[in-house]
Amino acid sequence: MRLFKIATWNVNSLRVRLPHVLAWLKEAKPDVLALQETKLPDADFPSAAFIDAGYDAVFSGQRTYNGVAVISRTKPTDILTDLPGLEDPQRRVLGMVAGDIRVLDLYVPNGESVNSEKYQYKLNWLKKLDLFLKRELQKHPRMIVLGDFNIAPEDIDVHDPALWEGQVLFSVPERKAFKSLLQLGFADCFRQINPQEKSYSWWDYRMNAFRRGMGLRIDHILASVPLASQCVKCYIDKSQRGLERPSDHAPVVAEFRLT
DNA sequence: ATGGTTGCAACGCAA
């Protein structure tokens, strides 16, 4: 029996949030931390800071936008940075293997608004992800897919479902795409552990949304069914959103008792 | 009220 702790956090600029991330690593001590929106070219990635903290890092970044990284206690192998069949300069995907678990860190496109081209790009991106995960799950029955999905799956994941109905992040096609991923053979760890809990992972910087509890649960940890049965804890560390100069997202954490 | 805030990097774009 071995404990395995994994987390996801959209940091909205790793340059700005590095002190927060390092402090959080020290406190939470995850085995793996998946980051999104690092907004850093690979040449500027602060590898040394993570090595000092006892972690290895793999990253796929770009200037100004997007960018993903996985911080890991064990040496990452089988690194992957693109979805098959999707020509895309945007750095949103980072796969690696930690121990014997396939980990896929995702920064799913935001989609902007349901009438935009970016929304179509998002839906197409999710379709390509679906096709890839179907195949990848055959190769890696022990698999965790986590990150900023930019989708709130159910009413319970939205502070005001009536207000958000039909809006990007909560539209029916996005929620269908999310459900389709689960149907490949994944479980949403947070919802499995906390069936009734209303907790959010993102609050807009504007309108005092955090203070007013106006959030959405759009950051997720999906575990393949065999792994999900070994998930013993999943929670959102809301405290990080209340600190000075926070990211607009909070870390989501899952703990497994592996056999 | 089509608002507001943050980050990047350049006076707008993306979230």
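The chains referred to below are lettered A, B, ... by the order of the sequence lines, with proteins before strands, and numbering in each begins at 1.
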message = Between P on dT2(B) and CD on Gln167(A), what's the gap in Å once rounded to a whole number?
response = 16 Å
message = With no hydrogens and no angle check, just 3.5 Å: does a side-chain donor-acceptor pair link Asp237(A) and Trp24(A)?
response = yes
ask   = dG7(B) phosphate, OP1 or OP2: any side-chain N/O from Arg17(A) under 4.0 angstrom?
value = yes
task = With sequence neighbours excluded, tell me which residues meet salt bridge (Lys or Arg N to Asp or Glu O under 4.0 Å) with Lys139(A).
result = Glu136(A)
ask   = Once the angle between the rings of Phe210(A) and Trp203(A) is folded into 0 to 90°, is it parallel (under 30°), tilted (30 to 60°) or perpendicular (over 60°)?
value = perpendicular
ask   = What pairs with Arg92(A) under salt bridge (Lys or Arg N to Asp or Glu O under 4.0 Å), at least two apart in sequence or on another chain?
value = none
inquiry  = Checking Phe190(A) now: which residues fulfil ring-ring contact (aromatic ring centres under 6.0 Å, His included) with it, not counting sequence neighbours?
reply    = none
task = Write down the distance separating the C1' atoms in dC11(B) and dA1(B), rounded off to the nearest Å.
result = 25 Å
task = Name all residues meeting the side chain to side chain contact (heavy atoms under 4.5 Å, CB included) criterion together with Asp52(A); count only those two or more places apart in sequence or in a different chain, and write none if there are none.
result = none
query = Looking at residues at least two apart in the chain, or sitting in another chain, which of them share a salt bridge (Lys or Arg N to Asp or Glu O under 4.0 Å) with Asp105(A)?
reply = none
message = Distance check needed: dG3(B) C1' versus Leu163(A) CG, whole Å only.
response = 14 Å
ask   = Rounded to whole angstroms, how far apart are CE on Met207(A) and P on dT2(B)?
value = 11 Å
key: Same-atom distance (P) from dG12(B) to dG3(B), integer angstrom   = 14 Å
request  = Take atom CZ of Arg15(A) and atom P of dG7(B), then tell me their distance rounded to the nearest Å.
outcome  = 13 Å
query = In chain order, what residues pass the ring-ring contact (aromatic ring centres under 6.0 Å, His included) check against Phe132(A), with sequence neighbours excluded?
reply = none
Same-atom distance (P) from dA9(B) to dT5(B), integer angstrom = 22 Å
ask   = In chain order, what residues pass the salt bridge (Lys or Arg N to Asp or Glu O under 4.0 Å) check against Asp130(A), with sequence neighbours excluded?
value = none
remark   = Here the distance between atom C1' of dG7(B) and atom CD of Gln62(A), to the nearest Å, is 14 Å
Identify each atom pair where a protein N or O and an N or O of nucleotides 13-15 of chain B are less than 3.5 Å apart, giving names and distance.
residue, atom, partner, partner atom, Å
dA14(B), OP2, Lys118(A), NZ, 3.2
dA14(B), O5', Lys118(A), NZ, 3.4

ask   = Which nucleotide sits closest to the side chain of Thr64(A): dG7(B), dG4(B), dC8(B)?
value = dC8(B)
key: Strand DNA chain B in bracket notation, Watson-Crick/G-U under 3.5 Å with | for pairs to another chain   = ....((((...))))
